[in-house]
Amino acid sequence: MNMKKAAVLLILMLTAATFAWAGPPQEKDSQLERGHKVYDKWCFPCHGTGVGKPGTDALKARGQNPAVLEERTDLTAALINTVVRHGVGFMPVFRKTEISDAELDAIDAYLMRNNKK
Ligand code: HEC
């Protein structure tokens, strides 16, 4: 076998070994982690803790307690998805090119992680 064929074979073997090494994905945890990441990028600037967070301030002014979304236990996917895709008040619409349906599902899972089952 020539060098080139040997090199290709080696790369194939390494690739296969890498996939075997990764093992089965932790479905649920990775979904929550993904949701947390997407949330931090797009939602935290308005819905986080601390001062100058317009989403948290607006919900606080409305009497929502807790006002921080990450602390809620009553959010539903239906509410989150409607608000994210259609906007509400000062909150903008997020398009699928910004937040995909799969990413929105992950946000739902993340924000509903503490809901009573
Ligand atoms: C530019 C600031 C801003 C961003 C970014 C933002 N929001 Fe909001 N959000 C608001 C404001 C302001 C309200 C309150 C609107 C009102 O009721 O007048 C709100 C309300 C909501 C509500 C309704 C809560 C309730 O109890 O009615 C949900 C759910 C929500 N946002 C989810 C999200 C998610 C998820 C993201 C990220 C994808 C996000 N928001 C990004 C500003 C923002």
Side-chain angles (χ1 to χ4, degrees):
M1 154 160 48
N2 64 29
M3 284 294 285
K4 205 169 166 189
K5 264 191 186 159
V8 168
L9 203 65
L10 185 67
I11 288 168
L12 283 176
M13 279 160 62
L14 285 175
T15 309
T18 306
F19 279 109
W21 178 256
Q26 303 287 308
E27 287 290 340
K28 209 172 151 231
D29 287 355
S30 64
Q31 174 82 338
L32 290 185
E33 270 171 35
R34 187 180 189 195
H36 195 174
K37 261 196 202 139
V38 182
Y39 181 88
D40 275 352
K41 177 176 177 190
W42 294 103
C43 320
F44 188 86
C46 281
H47 286 288
T49 50
V51 284
K53 299 286 193 294
T56 301
D57 291 347
L59 294 175
K60 200 179 285 172
R62 206 180 74 184
Q64 187 64 56
N65 181 29
V68 174
L69 294 183
E70 285 172 283
E71 295 169 7
R72 300 265 298 261
T73 54
D74 64 332
L75 291 172
T76 61
L79 173 70
I80 298 166
N81 296 355
T82 303
V83 168
V84 168
R85 291 295 183 221
H86 300 280
V88 54
F90 179 70
M91 181 173 153
V93 169
F94 292 89
R95 285 164 298 174
K96 295 187 186 194
T97 47
E98 294 160 324
I99 298 175
S100 70
D101 283 338
E103 287 174 330
L104 186 51
D105 284 346
I107 291 178
D108 292 344
Y110 177 63
L111 289 180
M112 299 189 327
R113 74 199 180 289
N114 292 326
N115 288 12
K116 286 190 192 72
K117 297 280 140 51

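All residue numbers refer to positions in the sequence shown, counting from 1. Predicted model, so just to flag it, every value in this text is computed and none were measured. Remember, it's 1-based here, ligands and their atoms both numbered in the order they're listed.
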| Heavy-atom donor-acceptor pair, E71 side chain to V68 backbone, under 3.5 Å | no
| query | What do the steps show when you test R85 against D101 for salt bridge (Lys or Arg N to Asp or Glu O under 4.0 Å), and what is the final call? | reply | CA-CA 10 Å; R85 291 295 183 221; D101 283 338; 3.0 Å; yes
| message | Are any of the N/O atoms on W42, whether in the backbone or the side chain, positioned under 3.5 angstrom from an N/O atom of ligand 1? | response | no
| Atoms of type N/O/S from protein, distance to atom 8 (Fe) of ligand 1 below 2.8 Å | 2
| request: Below 4.0 angstrom from a heavy atom of A58, which ligand 1 atoms are there? Numbered from 1 as shown, please. | output: 12 (C), 14 (C)
| S100 side chain vs K96 backbone, donor-acceptor pair below 3.5 Å | no
| Does an N or O anywhere in Y39 fall below 3.5 Å from an N or O of ligand 1? | no
| remark: Honestly, for I99 the part within reach of ligand 1 (heavy atoms, under 4.0 Å) is side chain
| request: Identify, for atom 25 (C) of ligand 1, the protein heavy atom at the shortest distance, and state residue, atom and that distance. | output: R62 NH2, 3.3 Å
| message | Strictly distance-based, threshold 3.5 Å: is any side-chain N or O of N114 a donor or acceptor partner for the main-chain N or O of R72? | response | no
| message | Checking the side chain of T56 only, and the main-chain atoms of H47 only, is there a donor and an acceptor separated by less than 3.5 Å? | response | yes
| Roughly how far, to the nearest 0.5 Å, is CD of E70 from CZ of F44? | 6.5 Å
| Going hydrophobic residue to hydrophobic residue with side-chain gaps under 4.5 angstrom, can you get from V83 over to F94? | yes
| task | Among all protein heavy atoms, pick out the one at the shortest distance from atom 18 (O) of ligand 1; state its residue, atom name and that distance to 0.1 Å. | result | G89 CA, 4.1 Å
| field | Spatial distance of atom OG (S30) from atom NZ (K37) [nearest 0.5 Å] | value | 10.0 Å
| task | Begin with the C-alpha distance, continue with both residues' side-chain angles, and end with the deciding distance and a verdict on side-chain hydrogen bond (donor to acceptor under 3.5 Å, both in side chains) for Y110 and E33. | result | CA-CA 8 Å; Y110 177 63; E33 270 171 35; over 6 Å; no
| Contact atoms of ligand 1, heavy-atom distance to P92 under 4.0 Å | 1 (C)
| said: So which atom in G87 and which in V93 form the shortest heavy-atom distance, rounded to 0.1 Å? | reply: N-CG2, 3.8 Å
| message | Just to be sure I'm reading this right: ignoring hydrogens, which of T56, L59, D108, D40 gets closest to atom 24 (C) of ligand 1? Compare them by their nearest heavy atoms. | response | L59
